[in-house]
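Written below as structure tokens is the structure these notes are about.
We use all heavy atoms of the structure for the numbers below, so side chains are in, but hydrogens, waters and symmetry mates are not.
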Amino acid sequence: MSVGLIQATLNDPPLFCPTAIQAAVLIQRWYRQYVARKEMRRRYTWNIFQSIEYSGEQAQIKLYNFLGYLMDNFTPTSNFVSHIFRENEVCHDVEWERYFCYRNIEVPEIYSGPHMNFPLTADQVTALVEAFRNKRLHSRYVLQILLETWKLLRLLPNISRISTCHSKEITICGDLHGQLEDLLLIFYKNGMPSLERPYVFNGDFVDRGKDSMEILLILFAFLLVYPNDVHLNRGNHEDHIVNLRYGFTKEVLGKYQMHGKRILKLLQMIFSWLPLATVIDQKVLILHGGISNTTDLCDIARVDRHKYVSALKPPKKRAYHPVAQSSVESEVDDNLSSTKNNQRRASFGLRDCFHSRSLQDLSSRVPRTTEQEKEVQRRQSIFIRGGFSQSQKETMNMDWYSYCQILDLLWSDPMPNNGCMPNEVRGGGCYWGPDVTQDFLSRHNMQLIIRSHECKQEGYEFCHNRRVLTLFSASNYYEVGSNRGAYVKLGPDLVPYLIQYQASSMTRELSLRKNVGKPEHSALKVLREQLFAHKSDLVRAFQEFDKDKTGLISLNDWVIAVESVLCLGLPWRMLFSQLITCKAPGGMFDYQDWFQELSIKEPQMENVDHGLLETLYRHRSTLETIFRLVDFDNSGLITMEDFRQTWKLLSAFLKMEITDEAISDLSVTIDTNQDGNIDIDEFMEAFRLTDKKSRLERGKSMFMGTSNDLTKLEGDPDIQ
């Protein structure tokens with residue numbers, strides 16, 4: 001070593017001098033603060049997504065309860081309301097098979113998608129999986145798969161019981177929600193179902209994502225090939241009422257325009273026959289939602305599951321009429337004669353406008369008597385009660401008890417505190433605590449519950465002393481980068497081995513900043529739209545604090561007012577800086593200017609009443625659900641009279657006054673071609689709020705449940 005280098009080394013400061021240590025501490029402190037801020041943003045982003053999601057589920061159940069109330073009190077013969085409360089009109093196996101008939105559907109020579117021969121083989125299903133990357137299955141083959149699936153499901157018990165062995169690991173997948181990318185990635189990482197590779201798919205195959213139909217067909221096809229190695233549990237979204245709101249109904253009608261109505265009807269029946277749970281080695285229970293303090297597997301095993309076509313529909317008293325060698329179930333209300341019941345059956349599927357007596361002046365009849373109000377509250381309590389005592393179980397109608405068992409299985413969530421209480425966040429099922437889990441596992445001599453139903457940021461989450469595992473397999477559920485997906489493998493030791501993933505290649509390219517920022521941007525966009533849609537109510541709430549009419553309120557008053565209007569339970573104080581940038585002196589801000597700052601662009605509708613527009617923005621999903629119900633023939637069109645009656649129904653549901661003149665102005669504005677019909681999709685798009693700040697409008701968020709077009713196949717009338 002040269003003398004100069006030695007001298008330079010001797011003159012260097014010591015490695016651990018105070019200055020170096022201080023610099024390291026400062027860097028460490030800065031990094032911790034940076035990570036903490038990112039985590040804070042990640043958490044409130046998550047809270048926004050989940051709060052709005054659960055708010056939508058509440059609205060769905062409240063709407064269904066309201067329609068049930070109308071059915072019982074106002075419209076005993078209304079074709080509109082009774083349309084969604086009727087059981088399947090075909091009861092005999094022979095008639096069902098005729099309904100499934102596919103033989104008169106020709107497959108054109110120009111069709112380039114996969115061809116199916118029955119019975120299916122593993123090679124055919126593998127080819128089907130590959131074809132779904134850019135093609136669609138012809139409706140003839142869709143109906144064939146559905147028919148064979150229906151026949152098989154009817155032979156399966158309510159609870160599937162399977163076993164591991166030293167050469168077999170069982171793979172369990174959670175919610176997929178129409179995200180085909182996730183299913184394909186699972187198959188790529190883990191292998192496709194086979195005799196050596198059994199799978200359990202734990203419900204919620206459909207809704208929200210754009211490829212729900214493809215996922216169903218893949219799972220049904222594998223079930224037909226490997227009936228002892230592929231197991232499907234029912235989820236709360238395997239329900240035709242829920243599908244109306246969350247996109248699956250719209251997807252099927254868009255992809256199979258000619259036979260879509262028949263496919264949807266068949267899927268209603270198939271969903272009702274899906275098993276309710278799976279048990280592995282008598283030790284691990286797999287179900288979609290959860291349990292309550294009255295859940296009993298022996299009772300669940302005896303439930304006549306196919307009677308509950310919708311878990312949102314409480315049972316009525318039934319009369320059984322023997323026909324041939326089977327019994328036909330017909331709904332009989334205590335107050336309805338058999339004549340009225342027959343009239344309901346006869347009217348099934350007819351495309352009529354509302355009966356003039358059914359909703360006429362309904363808005364004025366909304367104020368209810370004490371007895372009617374108690375009935376509505378009773379209906380609501382059915383969906384959110386926290387379980388029945390043993391004495392109640394012994395005395396209550398068995399149909400009601402069975403129904404509540406199914407409702408808990410599909411809709412419940414775990415909570416950290418002991419006990420069992422109504423799940424008022426979702427509006428259905430219950431919350432159950434670790435003591436309920438311990439009691440249930442002890443009674444049934446089990447060690448683990450695997451459930452799904454809740455999106456988790458890491459794709460999974462243990463709770464209740466690791467006795468409950470929540471599994472969610474739809475990655476990027478709310479937005480790209482919002483969450484991972486996961487699946488779990490169980491071997492003979494029954495120790496969960498978890499695999500996480502994210503299906504989109506885009507997420508792997510995101511930096512830490514973008515990985516938080518992109519979901520945050522999307523969440524704040526949705527939240528700003530919610531705030532804007534409640535503008536009138538918010539202004540009134542702000543004015544309660546602004547007694548001097550200065551147009552200014554404080555941060556604390558803003559937080560109280562916003563939560564009182566939206567009721568989302570969000571950390572508003574934390575979100576304040578994200579939603580409000582222009583502040584007045586003294587910590588005050590101008591709430592009128594704030595609505596301009598939200599940067600939400602309204603559609604240009606000069607002749608439409610502003611109050612009506614705000615109602616539309618605020619209850620857009622509920623209104624679309626009612627439109628889908630009104631559209632009996634699934635044509636995507638409703639008449640002007642049905643349009644007006646829909647708004648009257650909405651006004652009754654919301655307990656608000658909407659004038660006939662305002663509705664007429666709106667209908668004239670929308671019916672641009674003056675053909676007397678309104679296109680539902682065009683109507684909903686015309687009144688979509690847009691974010692002027694957003695640069696991400698190139699594609700629609702997964703959170704909104706929209707879909708992209710697939711490859712068009714010429715020559716097939718069902719593939720547009």
Distance, nearest 0.5 Å, that separates [atom1] of [X] from [atom2] of [Y]:
X      : Y      : atom1 : atom2 : value
Ile218 : Thr126 : CD1   : OG1   : 10.5 Å
Leu216 : Ile145 : CG    : CD1   : 10.5 Å
Leu287 : Leu276 : CG    : CG    : 9.5 Å
Thr171 : Tyr199 : OG1   : OH    : 5.0 Å
Arg208 : Arg245 : CZ    : CZ    : 9.5 Å
Ile263 : Lys255 : CD1   : NZ    : 11.0 Å

Only counting residues at least two apart or in another chain, list the ones meeting side-chain contact (heavy atoms from CB on, under 4.5 Å) with [X].
X      : result
Gln144 : Tyr102, Phe118, Arg140, Tyr141
Thr278 : Ser160, Ile162, Val200, His231, Asn233, Ile286
Ser194 : Glu196, Arg197, Tyr226
Tyr188 : Leu185

Would you confirm whether [X], through its side chain, and [Y], through its main-chain N or O, come within 3.5 Å as a donor-acceptor pair?
X      : Y      : answer
Gln502 : Asn483 : yes
Glu251 : Met213 : yes
His237 : Asn243 : no

For this session: Sequence neighbours left out, what passes ring-ring contact (aromatic ring centres under 6.0 Å, His included) with Phe271? Give chain and number order.
Result: none
Exercise. For Phe472, which residues count as a ring-ring contact (aromatic ring centres under 6.0 Å, His included) partner, sequence neighbours excluded?
Worked result: Tyr477
Problem set entry | salt bridge (charged side-chain N to carboxylate O under 4.0 Å, His left out) assessment of Glu479 paired with Lys525 | CA-CA 12 Å; Glu479 179 57 273; Lys525 171 182 176 292; over 6 Å; no
Contacts of type side chain to side chain donor-acceptor pair (under 3.5 Å), residue [X], not counting sequence neighbours:
X      : result
Asp204 : His177, His288
Asn158 : Arg305
Tyr487 : none
Ser452 : Asn202

Answer whether the closest heavy-atom distance between the side chains of [X] and [Y] falls below 4.5 Å.
X      : Y      : answer
Tyr256 : Arg262 : no
Phe132 : Leu183 : no
Tyr501 : Asp182 : yes

Exercise. Taking all non-hydrogen atoms of both residues, which atom of Ile270 and which atom of Leu146 are closest, and how far apart?
Worked result: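 Distance-wise, the nearest heavy atoms are CD1-O, 3.5 Å.
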Problem set entry | Minimum-distance pair of heavy atoms, taken over all atoms of Thr249 and Leu244 |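 In terms of heavy atoms, the two residues are closest at OG1-N, 3.6 Å.
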For this session: Not counting sequence neighbours, list each pair that qualifies as a salt bridge (Lys or Arg N to Asp or Glu O under 4.0 Å) and has a residue in residues 216-243.
Result: Lys168-Asp229
Exercise. Pairs in or reaching into residues 107-129: which pass salt bridge (Lys or Arg N to Asp or Glu O under 4.0 Å), with residues at least two apart or in two chains?
Worked result: none
Exercise. Using the ring of each side chain (for Trp, its six-membered ring), is His115 parallel, tilted or perpendicular to Tyr111, with breaks at 30° and 60°?
Worked result: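 Answer is perpendicular, since the angle exceeds 60°.
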